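First comes the structure, then the notes that go with it.
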There are 2 protein chains.
Amino acid sequence: MLSPTTHRADPIKILSMRHLPPVNGHQLIETGELMGASMSFRRNAEIYGEGEPADYLYKIVSGTARTYKVLSDGRRQIGGFYLPGDILGLETAEEHSFSAEAISGCKALLIKRRTLVALAGRQDEIARQLWSIIGEELRRVQAHNLLLIKSAQERVAAFLLEMAERVSTGNAVELPMSRQDIADYLGLTIETVSRTLTQLEKIAAIQLSSSRRIVLRNRSALSRLNS
Amino acid sequence: MLSPTTHRADPIKILSMRHLPPVNGHQLIETGELMGASMSFRRNAEIYGEGEPADYLYKIVSGTARTYKVLSDGRRQIGGFYLPGDILGLETAEEHSFSAEAISGCKALLIKRRTLVALAGRQDEIARQLWSIIGEELRRVQAHNLLLIKSAQERVAAFLLEMAERVSTGNAVELPMSRQDIADYLGLTIETVSRTLTQLEKIAAIQLSSSRRIVLRNRSALSRLNS
DNA sequence: CGTGATCTTGAGGGAATTCAATGTCGGTGG
DNA sequence: CCACCGACATTGAATTCCCTCAAGATCACG
């Protein structure tokens, strides 16, 4: 059962809670000054579009989301994957610089940006958390940068290790995204991702139980690939 | 001559001034609560190292700096180039995640992070500027990400356009960094950068006056390459 | 069971890298 | 002043890695 505190009007909790328990009954949580409206998105539904006003942050409650950009020639670059507990749509600009979509069915908590910023001005703890969140995002994007200069093997290995940290139960990784998503995240083609995975299986670094389920058999081998 | 305000104890000015006039005489500027110590770095000198405590921000006054990481196999990835007016070392973590060096002789204004953060808690204007600076940094890193999935031509073209915006006088771009720096920034080899530049010269998009001086002859051609 | 979507595998080609040599520029000392 | 030197940059040839195009294989779903 839910602990009573999850229903309290506490913006700090909204920001910091890693997994928010499901919102039972009504879709609106009263959280003091910070309205947390819960919103559901079905598979492939748009959460927000590039260029739209960035009025809300979205805290993923369940499911997975992706941010992406489509270049003029049709190539798609995925900026990141967002799992439960992650915060999406963090921009200091007035407009979203990426689009966001639900990968699987997906529930998110909406947080009004202006309200949050105003609140941060008065409550140090909120401000501190906001800084930590945007700093985390910056580090994530920088790590992604480092990925993109590496070889296909290194990129895939790094991706697997990253996902293992985020979704793993033991050594098994249940991937929420398709090969195409992975490819567009890593700056590779879907074929190269597929080939690299079978290659990693051949050297006994991983085991492909099914296409979406991957077991890490030899993490140190993967780390070693990770230059 | 310097206007008197440049010497006033005004942290907002320190953050926002695009180009800080040279500090004549003593090396320490009294800026109220925010001490702005001026510091000089010679070519290739380290400004800070990866993993060191991130106690200071550095506002470049003159010269150019680079941030970088060296992977275990020796490859170097340059995270960004910082020109006069840019702020370096912005981390919300306790430690620097990149190293920083002066590319050319370089003067920077040191800003104590803790002091700045404390100040931001009391002055909205400071907080607002801090947000804008880190948001800018985030956008810069994301744009860099997009670069790294493109072809060599596109990367070099995008790099030239970026530098043109930042250092150009008309159509001439005076590059402060070496080919190796450019290569490590773009995730290419020095040879590929060189070849691509001569290629761009052949199609009359640019002119290589000298190796460090490049004239943009056809910006729309460069933009077109920029997918 | 079909049917479409997703994933894997194969063969060939192309873009960037590697390795190697040559060229250019700025400084230093004869 | 010019010859030499080292650092930096360009160019060339061969190779490697990833992409493209194409054909199967597998999976989910009606």
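Lettering follows sequence order; numbering is per chain, from 1. On a predicted model such as this, the values are computed, not experimentally measured, just so you know.
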Atom CG of B/D73 and atom C1' of C/dT17 are separated, to the nearest Å, by 14 Å
| Looking at D/dC18, does its base get a donor-acceptor pair with the side chain of A/Q153 below 3.5 Å? | no
- Task: Give a yes or no on whether a donor-acceptor pair under 3.5 Å exists between the nucleobase atoms of C/dT24, that is its base, and the side chain of B/R179.
- Result: no
A/R155 atom CZ is separated from D/dC19 atom C1', nearest whole Å, by 12 Å
A/I149 atom CD1 is separated from C/dT17 atom P, nearest whole Å, by 11 Å
Separation of C/dA16 atom P from B/L186 atom CG, nearest Å, is 12 Å
Between A/L138 and B/L90, the two heavy atoms sitting closest are CD2-O, 4.4 Å
In whole angstroms, the gap separating P of C/dC7 from CD1 of A/I190 amounts to 6 Å
When rounded to whole Å, the CD to P distance for the pair A/Q199 and D/dC17 reads 10 Å
*Reckon A/R212 has a side-chain N or O less than 4.0 Å from the OP1 or OP2 of C/dC7?*
yes
### Task
Answer with base, sugar-phosphate or nothing: what part of the nucleic acid does B/R43 contact at a heavy-atom distance below 4.0 Å?
sugar-phosphate
Do the side-chain N or O atoms of B/T192 get closer than 4.0 angstrom to the phosphate oxygens (OP1, OP2) of C/dA16? no
*asked:* For a quick test of reading the model: is some side-chain N or O of A/S210 closer than 4.0 Å to OP1 or OP2 of D/dC27?
replied: no
